[in-house]
Protein chains: 2
Amino acid sequence: MSSAKARRGRGTATTGGPAREAWGRLAQLVYPPPFLAVARKLDLRPASLGTLRVLDEPRPMGEIAHFLHCDSSNVTGIVDGLEERGLVRREPSPKDRRVKLIALTAEGRRVRARLMKEVEMPPAWLESLSEADQRTLGEILGRANVK
Amino acid sequence: MSSAKARRGRGTATTGGPAREAWGRLAQLVYPPPFLAVARKLDLRPASLGTLRVLDEPRPMGEIAHFLHCDSSNVTGIVDGLEERGLVRREPSPKDRRVKLIALTAEGRRVRARLMKEVEMPPAWLESLSEADQRTLGEILGRANVK
DNA sequence: TATTGTTATACTCTATAACTATA
DNA sequence: TATAGTTATAGAGTATAACAATA
């Protein structure tokens, strides 16, 4: 064990490591992490947050609707809002002139990076566990049959 | 180990037992169990479901609003709906004539019992774990610092 | 004809404010 | 004056249907 790892005792927060891994597994099994708090912190509606999240690359609006589990008609307004805030741009698709690709602006990339960091942060109760418990938790969750 | 317990292998569902215990702890830590699915199954709005849940005894409407984290003005409509379906009754409080106590009817008690059973049922992925893993999971979650 | 995105519209859920009847 | 519950109303969030442009 490295000295850096040894220094992290019970409850000392850390990026990466077993807590992150356990949290990732848990989030897949139970519910996504507390989006609402993050959304408020970044002054974004939950749906706008989900949209930024899926925009690792430019995507058509229909794809965004699918990811958000909502009707495409809603995506129009969501993208309108993000466009007004300068976080995304509507771009024409080179393949199909019906399609509009939603792409992040430079500012959008900055906000998305911050958001991804917040969302992936394990919650306090998980950080409060010993590293051994975090590791065991992650292993057990890894054995669960995800439907 | 009893023969009944021994017979439950990996993935055989069971009421009570370590899965229930782990699920109870997890639900406290992460998010309440998937209310929405249960609500649809019982043809009840999520708020009505939460109301039934808190009615282990007759309670004033303000108390219900507090439990639901919503304004009291909404409780009027929620209770209206439950009353129309014959699940609750508005009763006068013997102590304060401003207060109305919401009490379950006989039918309301039946629906609530079914609901509580559904909500407390551990999800499939948790039942899919070995009993040893379920137990360990519960123990680890029990060590977490709930804020 | 079918599909992408837009618009108009309606329904649910929740919040605020004014009101009533009690305290 | 303050409080419990009601009513009216407005704002989010999401769904359906009709439409324009394109396939």
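Chain letters run A, B, ... following the sequence lines, proteins first, then strands; residues in each count from 1. What you see below is based on every heavy atom in this structure, not just the backbone, and it leaves out hydrogens, waters and symmetry mates.
- The side chain to side chain donor-acceptor pair (under 3.5 Å) pairs that include a residue from residues 60-69 of chain B are B:Arg59-B:Glu63, where partners are two or more places apart or lie in different chains.
- Taking A:Arg112 as the reference, nothing meets the side chain to side chain donor-acceptor pair (under 3.5 Å) condition, with sequence neighbours excluded.
- Only A:Pro60, A:Met61, A:Gly62, listed by number, bring a heavy atom of residues 56-64 of chain A to less than 4.0 angstrom from any atom of DNA chain C.
- B:Gln134 places no side-chain N or O within donor-acceptor distance of the main-chain N or O of B:Ala22, the cut-off being under 3.5 Å.
- A donor-acceptor distance shorter than 3.5 angstrom exists from the side chain of B:Arg25 to the backbone of B:Gly138, with no hydrogens or angles considered.
- Residues A:Leu82 and A:Leu44 have side chains in contact (heavy-atom distance under 4.5 Å, counting atoms from C-beta outward).
- Screening B:Ile102, B:Ile78, B:Asn74 for a side chain to side chain contact (heavy atoms under 4.5 Å, CB included) with B:Ile64, the sole residue that qualifies is B:Ile102.
- Here A:Glu139 does not pair with A:Arg135 in a salt bridge; the nearest charged N to carboxylate O distance is not below 4.0 Å.
- In this structure, A:Thr105 contributes its side chain and A:Leu87 its backbone to a donor-acceptor pair below 3.5 Å.
- With respect to A:Asp80, the salt bridge (charged side-chain N to carboxylate O under 4.0 Å, His left out) criterion is satisfied by exactly one of A:Arg90, A:Arg45, A:Arg85: A:Arg90.
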Can you give one letter per nucleotide of nucleotides 13-20 of chain C, 5' to 3': B if a protein heavy atom sits under 4.0 Å from the base, S if only from the sugar-phosphate, - if neither? SBBBB---
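- For residues 80-102 of chain B, proximity to DNA chain D is found at B:Arg90, B:Arg98, B:Val99, B:Lys100, defined as any non-hydrogen atom under 4.0 angstrom from a strand atom.
- Pairs engaging residues 66-77 of chain A under the salt bridge (Lys or Arg N to Asp or Glu O under 4.0 Å) rule: none recorded [sequence neighbours left out].
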